[in-house]
Amino acid sequence: MKYLIDSEVKEEIYEILELENIYKDYSTIIICCPVGLLNDSDEATKYKLVQYQLGKFRFINKLKQLAFLIYSIVKYRPDIVFSGYPMLKHRLVNIFSAFRIKHYSYLRGLFADSKNYKGFSDYLYLMLKKYHLPLTINNFQCDKIFTISALNIKFLLARSAKQENIELIPPPWLEKIKKQKTLSGSDAISGGHVYFVTQAFMSHSCKAAAESQIVFATELHEHLKQNGVELIIRKHPRDYTDYEKYGFSINNISSYEFIRTLCPNDILITPFSTMAFEARFFDVNIIFYSTSDLDELYKKVYSDLNITPFYNVAEIGSEIRDFYGKSKPLKNVENIFHINSE
C-alpha cells in the first residue's frame, strides 16, 4: 500500500504523519512538497520526497504543484492521496483513477462562513448545485476528512460534505505543545509582546481584504509606536507580503515554537484566525479587529461566537494601554477546538 501526502504547509505534513492510526499499515509514504519545507535529514531517509521550487508568481506555482502531483502519482501509484485543504486537483485524481485512489483531507485550520465563495472551485460547486449535477468533483467530497472543531463540521455540512466521512479529532499539535510548556515552565509571566497576526488573503483570492490588512497594520503600527509599543508581525505561511518594507519587525520562528513561547502577558491582534484560538488555548490575550472588507468574510462568525471586533486603531491602542496598566483585563473568547472528554 502506498500513501501520498501533498501539501505546501509544514505543520500539515508533520501532523498528518502523526496520525499513525491512519497510515501505520502502509508500506510506502511519499511526500510532495516545496523544497526546504522538510529540513530534518531523517525525513529525507524515512520517506520518499518529491520536491519543487516555489517562485513569486502564484499561477506558475499552481501549475508546478499540479505537475509534480501528477508526476508523483504516475511514478508511485499511491492508494491514498492525503491533502491538507482539499483542492480540485485532488478530486480530479480521485475521479480519473476511477476512485481507485482514495482522497483524505486534514483540516487543521478553522473555517468561518460556508457562504464565502472564492476561487474557481467554489464557483464550480455553486454551478453544480444550481443545475442539480453530481457533486463528486466538489472539494469536500473526500473519502475521509479529519478536522479539529465542531465549527468546521458545520462549515463542511453546509458545503455538502457527507457526515459519515467526517471525523472530529483533538488538535494533535496543541496537546504536544502543552506538555512542552509544562516541562519548560514557559507559561511564566514575562514582559509582554504585541503581535499582529496576518492572514493569507491574496492566496485565497481576497485582494480587497489583503489590501485592508496592510492598511490597518501600518496605521496601527504608527499609532502604537507613538505610545512606545512595538507591533511585531507574525505572518501566515502563505502570506507573501514584504512587511519589512513597511518598517515592521517580523517574528519568523516556527508556528509550534511561536505558540510554545507565548505567555499570558502577550497580546495577539488578528482578524478571525486559527492562531488566535491556538493562543487562547494557552490563555494568551487576543484582540480581534475588522474592516468593512473583512466583514464580508468574518461578520457572521463574529456574531456566532459573540466576538465584538475593533475597527479603530485608537481603540485598540487604548485596550493595550489599559491591559498593561493593569486597569482593565481584555475580554477573551472560549476554546472552540475539540477536546477528548476522557
Side-chain angles (χ1 to χ4, degrees), residues 1-19 22-23 26-97 100-109 118-122 124 137 139 142 145-146 173 198-206 210 235-242 250 252-256 274:
M1 298 288 281
K2 297 177 183 178
Y3 175 96
L4 170 64
I5 300 172
D6 179 49
S7 176
E8 60 180 291
V9 179
K10 180 190 293 186
E11 290 80 5
E12 285 180 350
I13 294 172
Y14 283 124
E15 289 158 25
I16 290 170
L17 288 170
E18 289 178 3
L19 298 175
I22 306 303
Y23 72 88
Y26 288 72
S27 59
T28 304
I29 297 175
I30 307 107
I31 301 176
C32 183
C33 67
V35 170
L37 197 66
L38 302 180
N39 296 319
D40 297 338
S41 58
D42 286 347
E43 304 301 334
T45 57
K46 194 184 301 183
Y47 313 114
K48 297 184 183 297
L49 298 183
V50 178
Q51 297 178 296
Y52 50 86
Q53 188 74 52
L54 289 175
K56 63 179 181 178
F57 298 108
R58 182 171 175 242
F59 179 71
I60 294 175
N61 286 339
K62 292 291 184 185
L63 289 177
K64 192 179 295 185
Q65 289 169 328
L66 176 61
F68 275 84
L69 175 61
I70 293 171
Y71 168 79
S72 302
I73 288 165
V74 171
K75 181 174 181 179
Y76 293 107
R77 295 183 58 80
D79 300 286
I80 291 177
V81 170
F82 209 139
S83 66
Y85 187 87
M87 299 182 184
L88 180 60
K89 60 182 179 180
H90 303 123
R91 299 302 310 130
L92 290 173
V93 166
N94 178 244
I95 292 167
F96 287 136
S97 71
R100 182 194 70 80
I101 302 176
K102 302 299 182 185
H103 176 204
Y104 288 4
S105 172
Y106 169 58
L107 297 181
R108 77 181 305 275
K118 300 289 182 182
F120 177 77
S121 295
D122 285 351
L124 176 61
I137 202 170
N139 288 17
C142 310
I145 301 175
F146 301 87
W173 70 100
T198 76
Q199 295 294 285
F201 293 121
M202 282 299 291
S203 293
H204 295 287
S205 305
C206 301
K235 286 176 67 172
H236 188 285
R238 290 191 289 268
D239 179 7
Y240 303 112
T241 306
D242 180 9
I250 311 296
N252 56 10
I253 62 176
S254 75
S255 293
Y256 295 150
T274 304

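Just so you know, these numbers come straight off a predicted model, no measurement behind them.
Rounding to the nearest 0.5 Å gives a distance of 11.0 Å between OG of Ser121 and CZ of Arg91. Taking CZ of Phe201 as the reference point, atom OG1 of Thr241 lies at 10.5 Å (rounded to 0.5 Å). One finds the CD atom of Gln65 at 5.5 Å from the CG atom of Leu54 (value rounded to the nearest 0.5 Å). Expressed to the nearest 0.5 Å, how far CD of Glu11 lies from CG of Leu37 amounts to 8.0 Å. A distance of 12.5 Å separates OG in Ser83 from OH in Tyr106, rounded to the nearest 0.5 Å. Between Asp6 atom CG and Leu66 atom CG the span is 9.5 Å, to the nearest 0.5 Å.
The side chain to side chain contact (heavy atoms under 4.5 Å, CB included) test with Leu4 is passed by exactly one of Thr28, Leu69, Ile101, Val93: Leu69.
Across Ser203 and Arg238, no two heavy atoms sit closer than the pair OG-O, 2.8 Å. Nearest heavy-atom pair across His236 and Ala200 is ND1-CB, 3.4 Å. Looking at every heavy atom in both residues, Leu107 comes nearest to Tyr85 through CD2-CA, 3.8 Å. Across all non-hydrogen atoms, the minimal contact from Pro86 to Ser105 is CD-OG, 3.3 Å. Listed here is the closest heavy atom pair of Glu12 and Ser7: OE1-OG, 2.5 Å. Taking each heavy atom of Leu92 and Ile137 in turn, the nearest pair found is CD2-CD1, 3.6 Å.
The environment of Phe96 atom CZ is sparse: at most 12 non-hydrogen atoms of other residues, nucleotides or ligands sit within 6.0 angstrom.
Using cut-offs of 30° and 60° on the angle between ring planes, the pair His103 and His90 is tilted.
Two residues are said to be in side-chain contact when any heavy atoms from C-beta on lie closer than 4.5 Å; Arg58 and Ser205 meet this criterion. Considering only heavy atoms from C-beta on, Asn61 stays 4.5 Å or farther from Tyr52 through its side chain. Using a 4.5 Å heavy-atom cutoff, the side chains of Leu17 and Ile5 are in contact. By the 4.5 Å heavy-atom criterion applied to side chains, Gln51 and Cys33 are counted as neighbours. Residues Val50 and Tyr76 meet the side-chain proximity criterion, which asks for heavy atoms closer than 4.5 Å. Using a 4.5 Å cut-off on side-chain heavy atoms (C-beta onward), Tyr3 and Ile16 make contact.
Counting only residues at least two apart or on different chains, no salt bridge (charged side-chain N to carboxylate O under 4.0 Å, His left out) pair has a member in residues 61-72.
The salt bridge (charged side-chain N to carboxylate O under 4.0 Å, His left out) check on Arg100 picks up Asp79, with sequence neighbours excluded.
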